[in-house]
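Quick notes on the structure that follows.
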Amino acid sequence: MGSRPSLTHGLATLVRAALTCRAWRRAVASSPSFRRRFRAVHPPPLLGLFFEAPGPVQTPNTPAFPTFVPARRRDRDLTAAVRGGDFFLTSLEDLPDEGPCWYIVDRCRGCVLLVNWDDDSLVVFNPLTRQIEDVFDLGPEDMFDDSRGHYAQLNPRLLFSDEDPTSFRVVLLVHDECRIRATVFSPDTWEWLVLPWVDVPASSGDDVCWIQQEDGMQANGFLYWVYEDKRYLVSLDTATMEFCVTELPHCLRDSTFDIGETKDGATCIVYSDQLNVGVLMHTRDDDGVEKWVLDRVVPLDRELERVLRVGLDDGTVLNNLVADHNDLSVLAVQDGYVYLLSISSMHNDPQTPCWFLSLCLESMRLERLFRRSFDNAVHPYIMAWPPSLVGNYGGFALQDAPSH
């Protein structure tokens, strides 16, 4: 093995080598410039997708665990990483006094945030390292104090610190008829901090819950929530804990979309319109007002036909397959890649499988992942850099520290 880490292999290979060689581990952990160059060549890979249990299973006191489907890429180290992890979440069964009903509500930096609605508890779990980071109760009792009329609580969000990758926070958003507030849990204090109410524009609908409950969106230190009518976007600066509300472009009203980062780290919205994918970039005008500006719209019908053609020699079967898949749905955006669902005219039938795809924003080329039925929430799982490789953190900190 060479004395210097290489840019020619992927993240899983680098992690395997660094965790078996102390010199490599020190070289990677002590060189931010190497990690920047490595990320530019090798974005964090998708290991697979978590699927929530089907609707009929989601009843109180009925065992329910998300299922995991690997991306099935031809990389021995990625395969080994999945095999060595706990992606069936069996470690949660060892928790004392917790019911067997867990649902994923967010994921960040290789960890998943799960909630047990029966016991009102949360757990932060890293399936790759098989480590339970923390277990705690869901929200403080006074987070709805002084609410006006009806109120609602949204799914919690998971945050990790850029300065200390072993430190996390959980943010819970609540709202009444015209205001929002954040409550923040820190494992350092083991308390929920309840922040003040903030007035926001009224929703055009009559629903009690007028902000979407979907899987969390975050990019560059901001958390995002979308109004149910898709007129406004709520953002929370996690450094200052200040809210901002911006109006969304009309092109998003009837589209599925997600907020993430490009390969260069710029904040973007990626949306789908039938077989077209559009990209909006986050900007500020001269007065500091936030705006989302259309960058491009790319038709993907031919690209979709190309990836679906792989392995099919029968032209009639191919033509029927391509014609049947007439819509794309955006699942997630991260590190310059978009994870998509190719929807057929029979997508409401749980027995009819859909194609799961990835799209590189830089080249706009699709990659076919796998085919599976789709009947509930999906959470892409992206491999993260271990804390021990981005600084003096984690289980290797003591043994790597210099002797005195």
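Index from 1, following the sequence.
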| request: Please identify each residue that fulfils salt bridge (Lys or Arg N to Asp or Glu O under 4.0 Å) with E290, with sequence neighbours left out. | output: R284
| Atom CD of E362 with >12 non-hydrogen neighbours under 6.0 angstrom | no
| query | How about F185 and F136: are their ring centroids closer than 6.0 Å? | reply | yes
| field | Listed partners of D285 passing side-chain contact (heavy atoms from CB on, under 4.5 Å), at least two apart | value | D287, V289, K291
| So, for T238 and M241, which heavy atoms are closest and what is the spacing to 0.1 Å? | O-SD, 3.5 Å
| request: To the nearest 0.5 angstrom, please state how far the OG atom of S329 sits from the OH atom of Y339. | output: 15.5 Å
| request: Would you confirm whether K263, through its side chain, and Y337, through its main-chain N or O, come within 3.5 Å as a donor-acceptor pair? | output: no
| message | Tell me if a side-chain donor or acceptor on R306 pairs with a main-chain N or O of L366 at a distance below 3.5 Å. | response | yes
| Between E305 and R302, does a salt bridge (charged side-chain N to carboxylate O under 4.0 Å, His left out) hold up when you go through it step by step? | CA-CA 5 Å; E305 179 180 346; R302 292 186 178 180; over 6 Å; no
| query | Given side chains that start at C-beta, do those of V338 and L361 come closer than 4.5 Å, heavy atoms only? | reply | yes
| remark: side-chain hydrogen bond (donor to acceptor under 3.5 Å, both in side chains) pairs touching residues 271-280, sequence neighbours excluded, are T256-S272
| Is a side-chain donor-acceptor pair under 3.5 Å present for S121 with N116? | no
| Between H175 and W210, is any side-chain donor less than 3.5 angstrom from a side-chain acceptor? | yes
| message | For L122 versus P156, what's the shortest heavy-atom pair and its separation? | response | CD2-CG, 3.8 Å
| remark: Taking every heavy atom of I382 against every heavy atom of Q334, the minimum-distance pair comes out as CG1-OE1, 3.3 Å
| task | Tell me whether the centres of the aromatic rings in F370 and W355 are closer together than 6.0 Å. | result | no
| message | A side-chain contact here means heavy atoms from C-beta on lying under 4.5 Å apart; do T246 and V234 qualify? | response | no
| message | Could you check, using the six-membered ring where one of them is a Trp, whether F51 and F68 have ring centers closer than 6.0 angstrom? | response | no
| query | If you draw a 6.0 Å radius around CZ in R253, do more than 12 non-hydrogen atoms from other residues or ligands fall strictly inside? | reply | yes
| task | Apply the ring pair (Phe, Tyr, Trp, His ring centres under 6.0 Å) test between Y232 and each candidate in W225, Y227, Y224; give the one that qualifies. | result | Y227
